[in-house]
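All values below come from the heavy atoms of this structure, side chains included, with hydrogens, waters and symmetry mates left out. Chain letters run A, B, ... following the sequence lines, proteins first, then strands; residues in each count from 1.
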Number of protein chains: 2
Amino acid sequence: MARASGSKREREEPARLPVVGAEPPERADAARNRQKIVAAARSLTEKRSLEKISLDEVAEAAGVGVGTVYRRFGDRSGLAYALLDDSERALQSAFLQGPPPLGPGAPPSARVRAFLHAYLDRLLRETDLLLAAETSAPTGRYTGAYAAHRAHLAALVAEARPDADAAYLADALLAPLAAPLIVHQTVDLGMDAARLKAGLDALVEGLLGTAAGRP
Amino acid sequence: MARASGSKREREEPARLPVVGAEPPERADAARNRQKIVAAARSLTEKRSLEKISLDEVAEAAGVGVGTVYRRFGDRSGLAYALLDDSERALQSAFLQGPPPLGPGAPPSARVRAFLHAYLDRLLRETDLLLAAETSAPTGRYTGAYAAHRAHLAALVAEARPDADAAYLADALLAPLAAPLIVHQTVDLGMDAARLKAGLDALVEGLLGTAAGRP
DNA sequence: AAGGTAACCGGAGAATACTCCGCTTATCAA
DNA sequence: TTGATAAGCGGAGTATTCTCCGGTTACCTT
């Protein structure tokens, strides 16, 4: 089920975020329906969390059949990612070509730190959507946008610590930003954003050594 | 939904793992049914993953009504935790009163390292159950056994680094052990246990400083 | 412009999750 | 023992997810 849903979404959702190569172009009616569905979902999420909205309901609001919703987005998680598309593009653009420290120009550890902060801010801003995206299809989380974040961090880690297992450390840095964990920390444990950022800073400090004496 | 399901399981599942205080005793027929359900589920999981078994099916195999399964365990996640009960007890016993370095007697950073290794081994041994436990009810993951692990690590971290935010770092150390991430790393990325352990060691080293010069 | 083909659509239907409540049973006090 | 009472039980019923396929439509070729 893990791989199945992952590869399914990959096939069903052409030309989205992390895809680079050219794919069979989307037919006009399909694109139109996609937009109708996204618009309807966006409108519905203004009243309650996506997690409490049935996809049948989205289909009806969009004026399409249920099958169409599932064909386009696979499941609730796929729809959530579509709704996150804008902020994801903004984030990627910021760390790929924006001003430092998030974008190029700052030392790697500072960029890692800036990325984690930016991701946390975004998570706190779109908690409901990211929760829905991660919790339906939990095993499919690690493709798509996650892979881009992971690659970005891995490159920075490799730059700062060429001897380390950069790929692993990238995962380890992203893991504390899992949406359900953040929700638990903020809602149940009462941790605020500043505390979480301080904690993330401690991680970066320990792993990459922003202190002067580190290689 | 997050809090709801969490508090529900808490109410429905008396006298399990992390509960300390006395609760209303479980009626004899209820206990009998619980055992029948667990036994049936255990038997069914020998053939396929719990995630692919409907709870109706478990109920029928156990010879009880569906309502009984839901009342006792709340959802698939609750049932999974029940099936993990034995290994969880073993783990807790090992780090609370077993021999060092997992149990008392070793320096804190060594105990943290030993705990992470032990948890990873257990995760690799019972991947399917832990995956089912975490992925149904993802927001309820952070109560019960997780809270015990977190408290244990937090105490060790506080001992090793009295100045640090021990509670946060405990979460940060446990986060890379999320079942779906481990599955992705091992299945999709082909990382083996040794690599994961080395990565965890690097985390511990960076955060707690097993190297001599750390306070 | 017309026709062929591949993609797409819709919604009925099967599977599964989860709830609800009238009836039964265990437990305990008298 | 025997009621009283609270806890538990079962399974029909409702809600939601997800699939499947006959009919439709966009797109390209000629």
Side-chain angles (χ1 to χ4, degrees), chain A residues 1-2 4-9 11-15 23-37 40-41 44 48-80 132 135-138 140, chain B residues 1 4-9 11-15 23-37 40-41 44 48-80 132-133 135-138 140:
Chain A
M1 180 181 175
S5 95
S7 58
K8 188 201 312 176
R9 181 154 7 90
R11 193 176 59 80
E12 303 291 14
E13 196 174 347
E23 307 198 2
E26 188 175 54
R27 244 171 64 168
D29 52 347
R32 209 178 314 130
N33 277 335
R34 172 190 300 279
Q35 289 179 335
K36 284 200 290 183
I37 292 165
L44 287 174
R48 56 208 147 108
S49 155
L50 180 58
E51 224 135 1
K52 318 200 156 185
I53 300 172
S54 85
L55 296 200
D56 293 49
E57 201 176 344
V58 173
E60 186 176 355
V64 304
V66 204
T68 303
V69 176
Y70 279 94
R71 191 175 327 102
R72 283 281 90 75
F73 299 101
D75 55 11
R76 175 175 289 108
S77 157
L79 182 54
T135 59
S136 356
Chain B
M1 182 182 174
S5 94
S7 59
K8 188 201 310 176
R9 181 150 12 85
R11 195 174 59 79
E12 303 291 15
E13 199 175 346
E23 306 200 3
E26 190 176 53
R27 248 171 59 169
D29 52 348
R32 209 177 313 132
N33 278 333
R34 172 189 299 279
Q35 288 178 335
K36 286 200 290 184
I37 292 166
L44 287 174
R48 57 209 147 111
S49 153
L50 180 59
E51 224 135 1
K52 318 202 156 182
I53 300 172
S54 83
L55 294 202
D56 294 49
E57 201 176 344
V58 173
E60 185 177 354
V64 303
V66 204
T68 302
V69 175
Y70 280 94
R71 192 175 326 102
R72 283 282 89 76
F73 300 101
D75 55 11
R76 175 175 289 108
S77 156
L79 183 52
T135 58
S136 357

Can you list the steps and then say if B/L50 with B/R76 is a side chain to side chain contact (heavy atoms under 4.5 Å, CB included)? CA-CA 8 Å; B/L50 180 59; B/R76 175 175 289 108; 4.0 Å; yes
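Rounded to whole Å, atom C1' of C/dC8 lies 13 Å from atom NZ of A/K36. Atom CD in A/E57 sits roughly 17 Å away from atom P in C/dG11 (whole-Å rounding).
Taking the screw axis at each terminus of the helix from C/dA1-D/dT30 to C/dA30-D/dT1 from five consecutive base pairs, the angle between the two is 20° to within rounding of 10 degrees.
In this model, no side-chain donor or acceptor of B/R72 finds a partner on the base of D/dG8 within 3.5 Å.
Residue B/N33 places none of its side-chain N or O atoms closer than 4.0 Å to OP1 or OP2 of D/dG8. For the OP1/OP2 pair of C/dC8 and a distance below 4.0 Å, the side-chain nitrogens and oxygens of A/R71 include no atom meeting the criterion.
Rounding to the nearest 0.5 Å places CG of B/N33 at 8.5 Å from CZ of B/R71. Taking CD1 from A/I37 and CZ from A/R32, the interatomic distance works out to 12.5 Å, rounded to the nearest 0.5 Å.
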Could you go over nucleotides 14-17 of chain C and give all protein N or O partners under 3.5 Å, atom names and distances?
| residue | atom | partner | partner atom | Å |
| --- | --- | --- | --- | --- |
| C/dA17 | OP1 | B/R76 | NH1 | 3.2 |
| C/dA17 | OP1 | B/R76 | NH2 | 2.5 |
| C/dA17 | OP2 | B/L55 | N | 3.3 |

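With sequence neighbours excluded, the residues satisfying salt bridge (Lys or Arg N to Asp or Glu O under 4.0 Å) with A/R27 are A/D29. Residues satisfying the side chain to side chain contact (heavy atoms under 4.5 Å, CB included) test with B/A31, not counting sequence neighbours, are B/E26.
With DNA chain C read from its 5' end, the first of the two nearest nucleotides for B/G67 and A/A31 is the one closest to A/A31.
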For residues 55-67 of chain A, tabulate all N or O donor-acceptor pairs below 3.5 Å that involve a side-chain atom, not counting sequence neighbours.
| residue | atom | partner | partner atom | Å |
| --- | --- | --- | --- | --- |
| A/E57 | OE2 | A/R48 | NH2 | 2.2 |

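Closest of all the heavy-atom pairs between B/R72 and B/A30 is NH1-CB, 3.4 Å. Here the closest heavy-atom approach between residue A/T135 and residue A/P138 is recorded as O-CG, 3.3 Å.
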With sugar-phosphate taken as primed atoms, P, OP1 and OP2 and all else as base, the protein-contact string of nucleotides 23-30 of chain C at under 4.0 Å (heavy atoms; B, S, -) is --BSS---
